[in-house]
Amino acid sequence: MSASVKSNSPERQRFYGRLRQQHLAPLWETLHALVTREPSTPIQSFKWDYDRDLLGLVQDAGKLLTAQEAERRVLILENPGLPGQASTTHTLYAGVQLILPGEVARSHRHTQSALRFILQGSGAYTTVEGERIDMQPGDLITTPSWTWHDHGNETQEPMVWLDVLDIPLVKMLDASFAEPGQQEKQSTVRPLGDSSVRYANNLFPVDWIPHAKYSPVFKYPYLKTRETLSTLSRNGDPDAWHGFKLRYVNPATGGPLLPSIGTFIQLLPQSLRTLPYRSTDATIHTCVEGEGETRAGDTVIAWKARDIFVTPGWTWLTHTATSDAILFSASDRPVQEALGLWREERGALTA
Ligand code: 1HN
């Protein structure tokens, strides 16, 4: 109290005015807000309901403009705590993208890293660095920094997916570069599935040395993910805090697929209620199968397949599955780990 009374004194206000003119500011006025005892964030928990809202709205966008006009026809999932900032968390952007039968989303590349998690439709494609990647629901596809990518839909049905990119992080670092492709569609230089066979079969070409900061595997098919989760859940007990939770890995390093975005998948067996867990990474989730709810601090979010929700970092999370449920999630955990900032905490039984 005394601090604010003093800081309101006319002498101080006059002094602050002199400082502002010289592009200076008094640290003592903001120190407490800059260096907090614990994370303090504007990021809010929020859910976008797919069946009720997202699908209809993205379909309406499909009636209003073509993929060609839009370049990418995407609805940005803006965090209510960061309106107008194209941000779902402080570092990550998420969006829902629609590509209609016959459309092409033209080739380009940029320094932002991206992933797609397929929500609906079957058989459209993304071409990454000249390799066509077929898309099925639950597949995770990466388009790492500075890789050429275009999307196309030669099927009869609309295709919808979740995009996650490190746009806010790259913006903060002022490191955005982008370039349009020469052609609308890249010509394919490798057959379908080449990178998966070459790098995801526990075999590497003998002289191959990982040269990039990203996984050489561009597609993590749901068929394999599901098989792993099913096997784990048949053959052991769930972790009390995570259920059966896995991280997607770069086979060359054991690390994340993209240097800035960590990706995870977890199976929560029916009627499991996880113990409270928190970590410093704000997280974007989508439900792949089943139903349940997540309590994030005081907010309760009920979710079902294809709903997308965001939770702030350092907030106690408990998940309850009403049927066997699978959650995909993405966060900036690799960035925090690289900087030695990432923390987690496991809580005890809740009331
Ligand atoms: C982008 O390249 C895609 O390739 C989607 O599908 C969303 C948002 C901002 C910048 C680039 C895509 C994007 C994006």
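Start at 1 and go down the list; that is how both ligands and their atoms are numbered.
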Student: Can you name the atoms of ligand 1, numbered from 1 with element, that are less than 4.0 Å from a heavy atom of Gln97?
Tutor: 5 (C), 6 (O), 12 (C)

Student: Would you please classify the geometry between the Trp28 ring and the Phe15 ring as parallel, tilted or perpendicular, with 30° and 60° separating the classes?
Tutor: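 Phe15 vs Trp28 ring planes: parallel.
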
Student: Looking only at the aromatic ring of each residue, does the gap between the centers of His242 and Tyr277 stay below 6.0 angstrom?
Tutor: yes

Student: Starting from atom 11 (C) of ligand 1, what is the nearest protein heavy atom, named by residue and atom, and what distance separates them?
Tutor: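 The protein heavy atom lying closest is His110 NE2, 3.6 Å.
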
Student: Is Arg247 close enough and on-axis enough to Phe264, meaning under 6.0 Å and within 45°, for cation-pi?
Tutor: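 The answer is no, since Arg247 fails at least one limit relative to Phe264.
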
Student: Can you list the atoms of ligand 1 that are under 4.0 Å from a heavy atom of Arg116?
Tutor: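 Heavy-atom distances to Arg116 below 4.0 Å select 3 (C), 4 (O), 5 (C), 6 (O), 12 (C).
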
Student: For a quick test of reading the model, state the closest non-hydrogen atom pair linking Lys219 to Asp134 and the distance between them.
Tutor: NZ-O, 2.9 Å

Student: If you take the centroid of each ring, where Trp contributes its six-membered ring, are Tyr50 and Trp48 closer together than 6.0 Å?
Tutor: no

Student: Could you list which atoms of ligand 1 come closer than 4.0 Å to a heavy atom of His149?
Tutor: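 That gives atoms 2 (O), 4 (O) of ligand 1.
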
Student: With respect to atom 4 (O) of ligand 1, which of Arg73, Arg72, Arg106 exhibits the smallest heavy-atom separation?
Tutor: Arg72

Student: For ligand 1, which atoms sit closer than 4.0 Å to a heavy atom of Asp163?
Tutor: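 The atoms of ligand 1 under 4.0 Å from a heavy atom of Asp163 are 5 (C), 7 (C).
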
Student: Is there a nitrogen or oxygen of Tyr93 sitting under 3.5 Å from a nitrogen or oxygen of ligand 1?
Tutor: no

Student: For atom 6 (O) of ligand 1, what is the closest protein heavy atom, and at what distance to 0.1 Å?
Tutor: His151 NE2, 2.6 Å

Student: Specify the protein heavy atom at minimum distance from atom 9 (C) of ligand 1: its residue, its atom name, and the distance to 0.1 Å.
Tutor: Ile167 CD1, 3.0 Å

Student: Compare every heavy atom of Trp303 with every heavy atom of Cys287, then report the nearest pair and how far apart it is.
Tutor: SG-CE3, 3.7 Å

Student: If you have a sec, work out which protein heavy atom is nearest atom 14 (C) of ligand 1 and how many Å separate them, to one decimal?
Tutor: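 That would be Leu165 CD2, 3.8 Å.
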
Student: When the ring planes of Tyr248 and Tyr220 are compared, do they come out parallel, tilted or perpendicular, using 30° and 60° as the limits?
Tutor: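 If you compare the ring of Tyr248 with that of Tyr220, the planes turn out perpendicular.
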
Student: Strictly under 4.0 Å, does any heavy atom of His108 approach an atom of ligand 1?
Tutor: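 His108 counts as a contact of ligand 1 under the 4.0 Å cut-off.
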
Student: According to the interplanar angle, ranging from 0 to 90°, do the rings of His211 and Trp208 count as parallel (below 30°), tilted (30 to 60°) or perpendicular (above 60°)?
Tutor: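 Plane angle over 60°, so perpendicular.
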
